[in-house]
Amino acid sequence: MTETAQSTRPTAPNQSDADHADGVDVPEQVRVRRAKRERMLAAGTEPYPVAVPVTHTIGEVRSSYADALEPGEETQDEVGVAGRVVHLRNTGKLCFATVQDGAGQTLQYMLSQREVGQEELDRFKADVDLGDHLFVHGRVIASRRGELSVFADSWQLAAKSLRPLPALHKESSEENRVRRRHVDLITRQRARDVVRLRAAVVRSLRETFHSRDFVELETPMLQTMHGGAAARPFSTHMNAFDIELYLRIAPELFLKRAVVGGIERVFEINRNFRNEGADSTHSPEFAMLEAYEAYGDYNTMATLTRDLVVTAAQDALGTTVITLGDGSSYDLGGEWADIQLYPSLSAACGEEITPETGLDRLLALADQVGLSIDPKTAISGKVVEELWEHFVGDHLYAPTFVRDFPIDTSPLTRAHRSIPGVAEKWDLYVRGFELATAYSELVDPVVQRERFEAQARLAARGDEEAMQVDEEFLQAMEYGMPPSGGMGMGIDRLLMAMTGLGIRETIPFPLVKPLEH
RNA sequence: GGGCCUCUAGCUCAAUGGGUAGAGCAACGGACUUUUAAUCCGUGGGUUGUGGGUUCGAGCCCCACGGGGCCCA
């Protein structure tokens, strides 16, 4: 588009059309700002210039002059700085604007009538609103109160904001924060911090893996079979092949095929999709870490997991001690507790529970404590796990490994090498939820086929979470998979464990139900 | 799936027993050359989530639907 075309964009005659373009009444403040944009265009001033001559970031100005200037001291250093206006204080002949960068660092601009002239000052007062991106050029000085400032000799709007920001000193409702995260990020420091914390954690995890010679792999998200976990999948349709596909519920089976192929230390950090509930600990799409190590087992995975978590906390938070909003705290560092599932359940419920305990007895116990379990699809291992969560898991705040799970709920895990009736699997509990899980992986293709067939029988009985028989995976196993340890960890849950936040606060843009209209 | 709570101005919240819908910030107009949640004077801004119902009269009572939250299973 040419300059001429830009400056003849629709003006007053189309104003009312623009006001109702989205079919709803436009709030007064939006109308006012749209009018300012039109006025600027009519005056030949670009409200959205393609570039402004920035020479320094807000952070660079801050760090260069931090505590270096006395109140009232002026330098001759000229800078060009841009940022979003979060605070305006216009007095008669001297205006102050506080601008903010994406990380929440702020810097003050000062516009004096003496420096820029009456006309420029008037234009500033007329055109600039809270929320606008504003560029100024000028000298770095400290105000009389000692506030680091850029004393403008010229200014220019970098981008006009057409919507008013919410009150900056009141918390928005959780719904508004989630539905308009962009606004949340502008107005709330904690929101900005969590985004950066998440990035730091993921980066730390990758670095720990790299330092241990793991290879990062991206395996398919669109799969012809859903497997690798017990969960209901999303399904979709592929036009070219005219087949139904599933969004993956886990990368496990592909990563194991990679191990068969010789990628002996492999990990993936990516999204899984599970067509289940959405609440304060579950999101339909969530970030998952999985790792496999040939010639490892669930013990080496425990060491790896602790290393990943402790290093991530140190890298991203600088400490392993987590303090929650309610003042309680727990330490992700130090030695982690290590308990066994059946003995800890027995101790907590006051009755000896073993892999031999009958299903009827377990269902009776579950009923006693108010757990509702569908008898049609009930298997003893599943009931034991529910009982364990009720009696023990919900109360584990400090990191705790829980070892040796029922075999019938662990179809991809090998039987324990010395304890009969259980699988070499642990879950890691923190803050009352499952943060990670690991197995000594089942690598016997014949036993694996039997486990899949048992899963298929569950599916036939109506268990929508049961796995399918994956022939491609079985065939891969038949080529020989080395003895291996495997581990999976929820990235969102790691953030939850490190911050005390709900899952929707750790995911920048979680899925929310669309509003009607 | 069940129960309870909630939805009012751009944002955060008020509104006696059913009787003209208000405040702070934000906006608009004015004053002000060192403010920093600036201050002072003045003004505008509402389909009270949506749709029905009861009533002379509904933000408030009843029903349905939608969004959100908490608890339970």
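Basis for what follows: all heavy atoms, side chains included, without hydrogens, waters or symmetry-related copies. By convention in this document, chain letters (A, B, ...) are assigned in the order of the sequence lines, proteins followed by strands, and residues within each chain are numbered from 1.
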Flag the pair [X] and [Y] as a salt bridge only when some basic side-chain nitrogen lies within less than 4.0 angstrom of an acidic carboxylate oxygen.
{"X": "A/Arg274", "Y": "A/Glu285", "value": "no"}
{"X": "A/Lys382", "Y": "A/Asp463", "value": "yes"}
{"X": "A/Glu434", "Y": "A/Arg493", "value": "no"}
{"X": "A/Glu120", "Y": "A/Arg123", "value": "yes"}
{"X": "A/Asp408", "Y": "A/Arg451", "value": "no"}
{"X": "A/Lys160", "Y": "A/Asp127", "value": "no"}
{"X": "A/Arg62", "Y": "A/Glu147", "value": "yes"}
{"X": "A/Arg504", "Y": "A/Glu174", "value": "yes"}

**OP:** Applying side chain to side chain contact (heavy atoms under 4.5 Å, CB included), name anything that partners A/Val32, two or more places apart in sequence or on another chain.
**Re:** A/Glu28, A/Lys36
Original post:
Ignoring hydrogens and angles, are the base of B/U33 and the side chain of A/Thr91 linked by a donor-acceptor pair under 3.5 Å?
Top reply: no
Residue matched to [N] through Watson-Crick or wobble contacts both under 3.5 angstrom:
{"N": "B/U55", "answer": "none"}
{"N": "B/U43", "answer": "B/A27"}
{"N": "B/G1", "answer": "B/C72"}

Original post:
Within the pair A/Lys36 and B/C28, is there a side-chain N or O less than 4.0 Å away from OP1 or OP2?
Top reply: yes
**OP:** Output yes when at least one side-chain N/O atom of A/Arg504 is less than 4.0 Å from OP1 or OP2 of B/G69, else no.
**Re:** yes
Original post:
Reading nucleotides 1-11 of chain B from the 5' end, what letters show protein touch, with B for base, S for backbone sugar-phosphate only, - for no heavy atom under 4.0 Å?
Top reply: ---------BB
[N] to [M] separation - [atom1] atoms, rounded to the nearest Å:
{"N": "B/C61", "M": "B/G68", "atom1": "P", "result": "23 Å"}
{"N": "B/G52", "M": "B/U47", "atom1": "C1'", "result": "15 Å"}
{"N": "B/G51", "M": "B/A58", "atom1": "P", "result": "15 Å"}
{"N": "B/C32", "M": "B/G42", "atom1": "C1'", "result": "16 Å"}
{"N": "B/U55", "M": "B/U12", "atom1": "C1'", "result": "34 Å"}
{"N": "B/A14", "M": "B/G24", "atom1": "C1'", "result": "11 Å"}
{"N": "B/C13", "M": "B/C7", "atom1": "P", "result": "10 Å"}
{"N": "B/G10", "M": "B/G49", "atom1": "P", "result": "13 Å"}

Subject >> Distance under 6.0 Å and angle within 45° of ring axis: A/Lys425 vs A/Phe405 >> reply: yes
**OP:** For A/Arg179, answer base if it contacts any base atom (sugar-phosphate contacts may also be present), sugar-phosphate if it contacts only those atoms, and nothing otherwise; contact means non-hydrogen atoms under 4.0 Å.
**Re:** sugar-phosphate
**OP:** Mind checking A/Glu175 for me? I need base, sugar-phosphate or nothing, with any heavy atom below 4.0 Å counting as a touch.
**Re:** sugar-phosphate
Subject >> 5' priority, RNA chain B, between A/Ala126 and A/Leu168 [closest heavy atom] >> reply: A/Leu168
**OP:** Let me know, please, whether A/Lys93 or A/Glu147 comes out on the 5' side of the other along RNA chain B by nearest nucleotide.
**Re:** A/Lys93
Nearest-Å distance for atom pair [atom1]/[atom2], residues [X] and [N]:
{"X": "A/Tyr109", "N": "B/U33", "atom1": "OH", "atom2": "C1'", "answer": "20 Å"}
{"X": "A/Leu88", "N": "B/C32", "atom1": "CG", "atom2": "C1'", "answer": "16 Å"}
{"X": "A/Leu94", "N": "B/U33", "atom1": "CG", "atom2": "C1'", "answer": "5 Å"}
{"X": "A/Arg89", "N": "B/U39", "atom1": "CZ", "atom2": "P", "answer": "11 Å"}
{"X": "A/Asn90", "N": "B/C40", "atom1": "CG", "atom2": "P", "answer": "16 Å"}
{"X": "A/Gln189", "N": "B/A37", "atom1": "CD", "atom2": "P", "answer": "16 Å"}
{"X": "A/Asp367", "N": "B/C72", "atom1": "CG", "atom2": "C1'", "answer": "15 Å"}
{"X": "A/Arg177", "N": "B/G68", "atom1": "CZ", "atom2": "C1'", "answer": "13 Å"}

**OP:** Measure from the side chain of A/Glu174, starting at C-beta and using heavy atoms only, and say which of B/U33, B/U35, B/G69 lies closest.
**Re:** B/G69
Original post:
From the list B/U34, B/A27, B/U33, which nucleotide is the closest neighbour of the side chain of A/Leu130?
Top reply: B/A27
**OP:** Could you check A/Met496 against A/Leu435 for side-chain contact (heavy atoms from CB on, under 4.5 Å), going step by step and ending with a plain yes or no?
**Re:** CA-CA 9 Å; A/Met496 291 163 66; A/Leu435 173 61; over 6 Å; no
Subject >> Pair A/Phe135 and A/Trp155, ring centroids less than 6.0 Å apart >> reply: no
Original post:
Going by heavy atoms closer than 4.0 Å, what residues in residues 110-123 of chain A are next to RNA chain B?
Top reply: A/Met110, A/Ser112, A/Gln113, A/Arg114
